[in-house]
Amino acid sequence: AAFTNPLATALTVGAIAYYDLVYTMWLKRTTPANTVWGGACWSAPVLIGWAAVTGGLDVRAWALFAIVFLWQPPHFYALAIKFKDDYARAGIPMLPVVASMRRVGIEVIVYTWLTVIASLLMWPLGMSAIYGLTAVVVGALFVIEAHRLAGRAFRGEPTRPMRLFHWSITYLTLLFVAVAVD
């Protein structure tokens, strides 16, 4: 509050309260949609940073929020596949614990495509070809890796989830580097 502005402060307090009280204490242990619901607080830093720098929020801030929000299910589902047994022992109903790998694969594909579409919608909001071409290339690679994981799940093969997990980190890093460069 002392170093930014009231909007950034309010968004920070809201994100912390949501994460601690709503997500961690309630949703994480009660719903397999916990990854999706948790995405709101995990995406908040985009809005907080934007508000801290500009003093407001505009459509580009919300577009970046949407990208991070939609990116999280494929990213965390891959991790949850890897640690499925640990989540089950802890009683946390992550989607890979309570649903078939086919269902998880479908959700990975859907959320990956939605992430890439959201990233491409950012292009006409004042971004140049530097961003746009980066979004197309890294988005295509993200979609390919998501389809690989889902295809292995559909065939009953080992899914190799850490490939998608690591690529999802690379995808988001390269996309946000393109935002910064642009």
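Starting from 1, each residue takes its place in the sequence as its number.
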> Find out if a path of hydrophobic residues (ILVMFWY) with successive side-chain heavy-atom gaps under 4.5 Å connects Val110 to Met94.
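Hydrophobic grouping puts Val110 apart from Met94.
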
> Between the main-chain N or O of Ser128 and the side-chain N or O of Asp182, is there a donor-acceptor pair closer than 3.5 Å?
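A pair under 3.5 Å: yes.
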
> Hydrophobic clustering (ILVMFWY, side-chain heavy atoms < 4.5 Å, transitive) - are Val68 and Ile16 grouped together?
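No, separate clusters.
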
> Kindly say whether Tyr23 contributes a backbone atom to a donor-acceptor pair with the side chain of Asn34 at under 3.5 angstrom?
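Judged by distance alone, no pair lies under 3.5 Å.
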
> Rounded to the nearest 0.5 Å, what's the gap from CE on Met127 to CD1 on Ile130? Could you check?
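Here the rounded value is 9.0 Å.
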
> Among residues at least two apart in sequence or on other chains, which ones pass side chain to side chain donor-acceptor pair (under 3.5 Å) with Trp42?
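Checked Trp42 against side chain to side chain donor-acceptor pair (under 3.5 Å); zero matches.
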
> Is the shortest side-chain heavy-atom distance between Tyr131 and Leu175 below 4.5 Å?
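Sidechains of Leu175 and Tyr131: in contact.
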
> Between the main-chain N or O of His75 and the side-chain N or O of Ser168, is there a donor-acceptor pair closer than 3.5 Å?
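No; zero donor-acceptor contacts below 3.5 Å.
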
> Is Thr30 close to Pro93 at the side-chain level, that is, under 4.5 Å between some pair of heavy atoms?
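In short, these two side chains do not touch, never coming nearer than 4.5 Å.
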
> Parallel, tilted or perpendicular for Phe65 and Phe69, by the 30°/60° rule?
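Phe65 and Phe69: parallel rings.
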
> I'd like to check Leu172 versus Ile67 (side-chain heavy atoms, cut-off strictly below 4.5 Å). Are they in contact?
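Yes - at least one pair of side-chain heavy atoms lies under 4.5 Å apart.
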
> Distance from Ile117 atom CD1 to Thr112 atom OG1, nearest 0.5 Å?
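With rounding to 0.5 Å, CD1 (Ile117) is 11.0 Å from OG1 (Thr112).
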
> Just so I know, are the side chains of Tyr18 and Leu27 near enough to count as touching, which here means a heavy-atom distance under 4.5 Å?
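Tyr18 reaches Leu27 side chain to side chain.
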
> Quick check: do Phe142 and Leu164 have side-chain heavy atoms less than 4.5 Å from each other?
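Touching, per the 4.5 Å side-chain cut-off.
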
> Do Ile106 and Arg103 touch side chain to side chain, with heavy atoms closer than 4.5 Å?
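Counting from C-beta outward, Ile106 and Arg103 never come under 4.5 Å.
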
> For residues Met101 and Phe154: do they belong to one hydrophobic cluster (side chain heavy atoms under 4.5 Å, members Ile, Leu, Val, Met, Phe, Trp, Tyr)?
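Cluster IDs for Met101 and Phe154 match.
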
> Just how far is it from atom CD of Glu145 to atom OH of Tyr171, taken to the nearest 0.5 Å?
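Those atoms lie 14.5 Å apart.
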
> Does Glu157 reach the main-chain N or O of Ala153 with its side chain, forming a donor-acceptor pair under 3.5 Å?
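No.
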
> Given 3.5 Å as the limit, does a donor-acceptor pair link the side chain of Arg29 with the main chain of Ala90, or not?
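Side chain of Arg29 to backbone of Ala90: a pair is present.
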
> So how far is it from Phe176 CZ to Thr134 OG1, rounded to the nearest 0.5 Å?
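It is 13.0 Å, given to the nearest 0.5 Å.
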
> Quick one: side chains of residues 77-88, donor-acceptor pairs under 3.5 Å with protein atoms, not counting sequence neighbours, listed by atom name and distance.
from: Tyr77; atom 1: OH; to: Glu107; atom 2: OE1; distance (Å): 3.2
from: Asp86; atom 1: OD1; to: Arg89; atom 2: NH2; distance (Å): 2.3

> Starting at CG of Leu57, measure out to CH2 of Trp50 and round the result to the nearest 0.5 Å.
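Between Leu57 CG and Trp50 CH2, I get 9.0 Å after rounding to 0.5 Å.
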
> Quick one: does any side-chain atom of Thr115 pair with a main-chain N or O of Tyr111 as donor and acceptor, under 3.5 Å?
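Checked: pair present.
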
> Quick one: does any side-chain atom of Arg155 pair with a main-chain N or O of Gly151 as donor and acceptor, under 3.5 Å?
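Present.
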
> Test side chain to side chain donor-acceptor pair (under 3.5 Å) on Thr35 and Gln72 and set out the steps.
CA-CA 7 Å; Thr35 301; Gln72 289 174 67; over 6 Å; no

> If you round to the nearest 0.5 Å, how far is OG1 of Thr12 from CD1 of Ile48?
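That separation rounds to 3.5 Å.
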
> State, yes or no, whether a side-chain contact exists between Arg163 and Leu149 at a heavy-atom distance under 4.5 Å.
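The answer is no, as the side chains (C-beta and beyond) never meet within the 4.5 Å cut-off.
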
> For the hydrophobic clusters of this structure (ILVMFWY residues joined by side-chain heavy atoms under 4.5 Å, transitively), does one cluster hold both Val143 and Val108?
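Yes, Val143 and Val108 fall within the same hydrophobic cluster.
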
